[in-house]
Amino acid sequence: MTEQVLRTIDAKKEQSVVGLREFLSIPSVSTKPEHAPDLRGCARWLADHLQMAGLKADLRETGGHPIVLAKNEHRPGRTTVLLYGHYDVQPPEPLDKWITGPFEPTIRDGAIYARGAADDKGQVWAHAEAIAAWQQHGGLPVNLTMLIEGEEEIGSEHLERFVRENRDELRADIAVISDTNQFARGVPAITYGLRGLVYCEVFITAADHDTHSGLYGGAIPNPANILCELLATLHEPDGRVNLPGFYDEVLPLSDGERDAWRKLPFDEPGWLRNLKLEQTAGEAGYSTLERRWGRPTCDINGLTSGYQGHGAKTIIPSTASAKVSMRLVPNQDPLKIVTTFERTLRERCDKTVKIEFASHGLAGSVLVPREGRAMTLAAEALQQGFGAPPTLIREGGSIPVVGLIKTTLGIDTLLIGFGLPDDRVHSPNEKFDLDALYKGTRTAAVLYEKLAGLK
Ligand code: BES
Ligand code: MN
Ligand code: MN
């Protein structure tokens, strides 16, 4: 049966891109309130498409952007697979850095360029196409529940409640997510670890309005100066994060893991060239892969104060703010880290100004078992789909739902991503290779067949 499904996928190779283009042209930017109708429209579009492919698909309300929930007809005794993905995307800015519009999907050099191409619409699409092909040949060999949400890029705020309240409906034997990367072109991967994330914002306020820097400068507190001093305390000279207890719970990398990562074919010079950089930077004593996959960080993501327009304006700003994210590793506790961050900055802050905090989104780190039947089956599927054996890797990004699936549904997740490290996710000119779409679709098709044998 799989042979026929794969032949259908081959025959639809060109046509598959047509649907993906439509999906990518919807600006489903979850963080911007003005795009709420686009998110709903995107969810509707996807649900209609899945319905046409032969699934029963609905929009489910969450209080935020809707979830698309789709199922085939479940039969007793079969393996049940929970497939998760997200249809929301990151903001496309800065717009002037895009060669073609972020929501005008364009094919160049064997890749489709658009916001969300790899993260995550293209990867969701690979599964949708594999599922559609199975439905044309008597239906999927597994019970499938597909949950595609619209708030992943903003921390999956309403998802926890939805999963808890619909625990029974979402029951499955295994979860599958394609929202990560291959290790390199031609080297597919299964991801067994993800970093967690906390995202904090800090606001400093002094005078109630911007003032003339000649008339007031030197005599009143400057929030921009004070914020910079504060942020400068966040790291030690050796690159370690300077917050009390930050490393207390950090699970050290094992020698075995460090050895295995050293043996991976990581092309560090090529990786740097892609960024037009000559040097890496980070915590002393760790390699680049170790720093990215296995060590926690603290990074300023955005910094705002004072005059930002052309030329000069002589003012003492009345406010300054920074967005700071921390990537976490097993077994750091996100809540504890946020609390420490806020308490410590408050203590360190000059007492002449007001300091306030907001916290946006939070995700636990993830480690899934590297052995077991599901892993073996996933490796076989990737081998068939990509024609190469997968490597086992960790990634530095975060996917909040993985922890939730483990705690509420009690199951592990297979992280089988089809993206490439140079896809520029979250950056201008995001792309997804058409080869990855094709091989990803084949992998997904084979995976459903393999997972049928899980039970
Ligand atoms: N798909 C990414 C995460 C990712 C990308 C993991 C590549 C591994 C390889 C996901 O959409 C993402 O960007 N997550 C956010 C989570 C946050 C908003 C809670 C992240 O990591 O910043
Ligand atoms: Mn994603
Ligand atoms: Mn993302």
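Ligands are counted one by one from 1 in listed order, and the atoms in each one are counted from 1 as well. Treat the numbers as computed from the prediction; the structure is a model and nothing was measured.
Ligand 1 places these atoms under 4.0 Å from at least one heavy atom of His86: 11 (O). Atoms of ligand 1 found under 4.0 Å from any heavy atom of Glu152, numbered from 1 in the order shown, are 10 (C), 11 (O), 12 (C), 14 (N), 16 (C), 18 (C).
Note that Lys431 lies outside the cation-pi zone of Tyr113, set by a 6.0 Å cut-off to the ring centre and a 45° limit from the axis. Taking the ring centre of Tyr247 as origin, the terminal cationic atom of Arg240 falls inside the region bounded by 6.0 Å and 45° from the ring axis. For the pair Arg370 and Tyr192, the cation sits on the ring face: its NZ or CZ lies under 6.0 Å from the ring centre, inside 45° of the axis.
Between the side chain of Thr191 and the backbone N or O of Gly193 there is no donor-acceptor pair closer than 3.5 Å.
Using a 4.0 Å heavy-atom cutoff, Arg327 is listed among the residues neighbouring ligand 1. For Ala363, the heavy-atom gap to ligand 1 stays at 4.0 angstrom or more. Taking a 4.0 Å cut-off on heavy atoms, Asp179 registers as neighbouring ligand 1. Contact between His426 and ligand 1 is present, with at least one heavy atom of the residue lying under 4.0 Å from the ligand. The closest approach between any non-hydrogen atom of Asp120 and ligand 1 is not below 4.0 Å.
A centroid separation of less than 6.0 Å is found between the aromatic rings of Phe23 and Trp45.
Nearest protein heavy-atom neighbour of atom 14 (N) of ligand 1: Ser398 O, 2.8 Å. The protein atom (non-hydrogen) at minimum distance from atom 18 (C) of ligand 1 is Glu153 O, 3.4 Å.
No hydrogens or angles considered: a donor-acceptor pair under 3.5 Å links the side chains of Glu153 and Gln90.
Comparing Leu415, Asn181, Ile393 against atom 7 (C) of ligand 1, the shortest heavy-atom distance belongs to Asn181. In this comparison of Asn301, Val89, Asp88, Leu197, the heavy atom closest to atom 17 (C) of ligand 1 sits on Leu197.
Protein N/O/S atoms nearer than 2.8 Å to the Mn ion (ligand 2) total 4.
When each of Lys121, His35, Arg40 is checked for a side chain to side chain donor-acceptor pair (under 3.5 Å) with Ser28, only Lys121 meets the rule.
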